[in-house]
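This report refers to the structure that appears directly beneath it.
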Protein chains: 2
Amino acid sequence: MRLSTEFRDLCRRHKLSATHQRQVIFETLQSLHSHPSPEVLYERVRREIPSISLATVYKNLKTFVEAGMLREVSLHHGTLRVDSNPHPHHHLVCASCKAIMDLDAASLAPIRLKSKLPKGFQVQRFSVDIIGLCRRCSRTRRGTVSSS
Amino acid sequence: MRLSTEFRDLCRRHKLSATHQRQVIFETLQSLHSHPSPEVLYERVRREIPSISLATVYKNLKTFVEAGMLREVSLHHGTLRVDSNPHPHHHLVCASCKAIMDLDAASLAPIRLKSKLPKGFQVQRFSVDIIGLCRRCSRTRRGTVSSS
DNA sequence: CTAGATGCAAACAGTTTGCGTCACT
DNA sequence: AGTGACGCAAACTGTTTGCATCTAG
């Protein structure tokens with residue numbers, strides 16, 4: 001079903017079977033330069049494939065992330081996290097167990113803008129996440145959710 | 001009920017009434033140097049106040065955030081966002097409408113560590129969010145969810 | 001032909017809300 | 001004394017899962 005060779009190749013490289021739904025989901029995502037919620041993406045994709053189901057969108061987003069074709073913008077969607085540390089600081093985030101540790105702002109060279117931002121955007125603050133594996137997770141299976 | 005003067009003052013400054021539950025929630029959060037999920041925080045707080053309800057924890061987290069005593073770690077908990085942009089880049093995040101825009105990595109001075117990270121942490125990548133108000137939101141009610 | 005993808009509906013997890021009672025100011 | 005906080009249970013929203021059918025390879 002009219003799948004582009006580009007998308008076929010991309011899927012082959014990532015060891016996924018190429019389906020029409022996947023191509024439309026992936027390409028819609030790329031064409032949008034924002035990072036829409038699954039719901040919004042679903043509405044967009046529905047214009048192309050009216051019969052697609054929301055579950056398929058979710059399943060494929062997960063598949064793409066696992067295959068490395070997409071990355072999650074925030075590792076903490078799904079649960080509220082708050083910060084009571086009033087000092088300027090950054091976060092160390094474990095990609096595996098999702099733990100968040102504070103890192104003093106002085107540990108990083110100051111963030112400096114080198115070019116103009118899009119017109120009208122008013123900066124409030126910078127937030128830096130250093131993403132990786134915490135000691136515990138890097139000792140066990142790398143990149144997988146730890147068992148204990 | 002045995003509330004510390006410190007906490008009383010903190011609440012007064014933020015125009016909140018000081019309750020035992022609030023003090024325990026807030027101080028538990030501060031004593032933990034991680035950023036636990038509401039569920040985990042609830043379990044901790046329950047050791048002090050066995051009768052507290054999870055709803056109270058949620059209500060107060062929200063109250064504290066609104067009062068400015070806490071800040072949300074991620075503005076996108078509650079909805080999955082993915083990134084299909086393979087080029088190194090940062091994100092402009094609108095604190096009001098939650099829109100995410102890409103910003104080329106070259107727009108920011110390179111992130112450099114000035115000190116050692118906690119032992120055993122393996123860095124995978126840096127993720128920088130520039131948080132503020134997008135053009136649209138900064139034109140309308142500042143900091144509030146836009147109506148249209 | 002077979003493994004895996006899809007669509008649907010039902011199940012889940014995290015969060016919010018309504019309401020009667022209780023506590024702070 | 002009155003406003004607002006608490007605790008409970010029910011409602012919601014976003015996401016996942018089970019299963020029957022269909023499709024890519």
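Quick note on labels: first sequence line is chain A, next is B, and so on, each numbered from 1. Here the structure is a predicted model, which is why all the values come from computation and not from measurement.
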Report task. Scan Ser17(A) against the nucleic acid and name what it touches under 4.0 Å (heavy atoms): base, sugar-phosphate only, or nothing. Result ->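 Sugar-phosphate only.
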Query raised in the report: Where along residues 75-82 of chain A does a heavy atom fall under 4.0 Å from DNA chain C?
Result: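 DNA chain C contact set from residues 75-82 of chain A: Gly78(A), Thr79(A), Leu80(A).
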Report task. Go through residues 46-54 of chain A and report each residue with a non-hydrogen atom lying under 4.0 Å from DNA chain C, sorted by number. Result ->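 Correct list: Ser51(A), Ile52(A), Ser53(A).
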Query raised in the report: What pairs with Asp102(A) under salt bridge (charged side-chain N to carboxylate O under 4.0 Å, His left out), at least two apart in sequence or on another chain?
Result: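 If we apply the salt bridge (charged side-chain N to carboxylate O under 4.0 Å, His left out) test to Asp102(A), skipping adjacent residues, there are no hits.
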**Report entry** Ile25(B) CD1 to dA5(D) P, straight-line distance once rounded to whole Å
**Finding:**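 To the nearest whole Å, that distance equals 12 Å.
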Query raised in the report: What's in the same ILVMFWY side-chain cluster as Val128(B), cut-off under 4.5 Å, chained through other members?
Result: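 Joined to Val128(B), directly or through intermediates: Leu92(A), Met101(A), Leu103(A), Leu108(A), Ile111(A), Leu113(A), Leu117(A), Phe121(A), Val123(A), Phe126(A), Val128(A), Ile130(A), Leu92(B), Met101(B), Leu103(B), Leu108(B), Ile111(B), Leu113(B), Leu117(B), Phe121(B), Val123(B), Phe126(B), Ile130(B).
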Requested in this report: Would you give the length of the straight line joining atom CD of Gln30(B) to atom CE of Met69(B), rounded to the nearest 0.5 angstrom?
Outcome: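 If we round to the nearest 0.5 Å, Gln30(B):CD and Met69(B):CE are 8.0 Å apart.
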Query raised in the report: Want to settle it: does Pro38(A) or Ala18(A) sit nearer the 5' end of DNA chain D, counting the closest nucleotide to each?
Result: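 So the residue in question is Pro38(A).
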Query raised in the report: Reckon Arg8(B) has a side-chain N or O less than 4.0 Å from the OP1 or OP2 of dT25(C)?
Result: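 Arg8(B) to dT25(C) OP1/OP2: side-chain N or O found under 4.0 Å.
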**Report entry** Short side-chain N/O contact to dT23(D) OP1/OP2 from Gln21(A), under 4.0 Å
**Finding:**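 For dT23(D), neither OP1 nor OP2 has a side-chain N or O of Gln21(A) closer than 4.0 Å.
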Requested in this report: For the pair Phe64(B) and Phe26(B), name the ring-plane relationship: parallel under 30°, tilted 30 to 60°, perpendicular over 60°.
Outcome: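 Phe64(B) vs Phe26(B) ring planes: perpendicular.
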Requested in this report: Scan nucleotides 18-23 of chain C nucleotide by nucleotide, 5' to 3', and note B when protein non-hydrogen atoms come under 4.0 Å of the base, S if they reach only the sugar-phosphate, - if neither.
Outcome: B-----
Requested in this report: May I ask you to check whether His91(A) and His35(B) place their ring centres under 6.0 Å from each other?
Outcome: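 They qualify: ring centres under 6.0 Å apart.
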**Report entry** By side chain to side chain donor-acceptor pair (under 3.5 Å) - contacts of Glu27(A) (at least two apart)
**Finding:**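 Applying side chain to side chain donor-acceptor pair (under 3.5 Å) to Glu27(A) gives Gln23(A).
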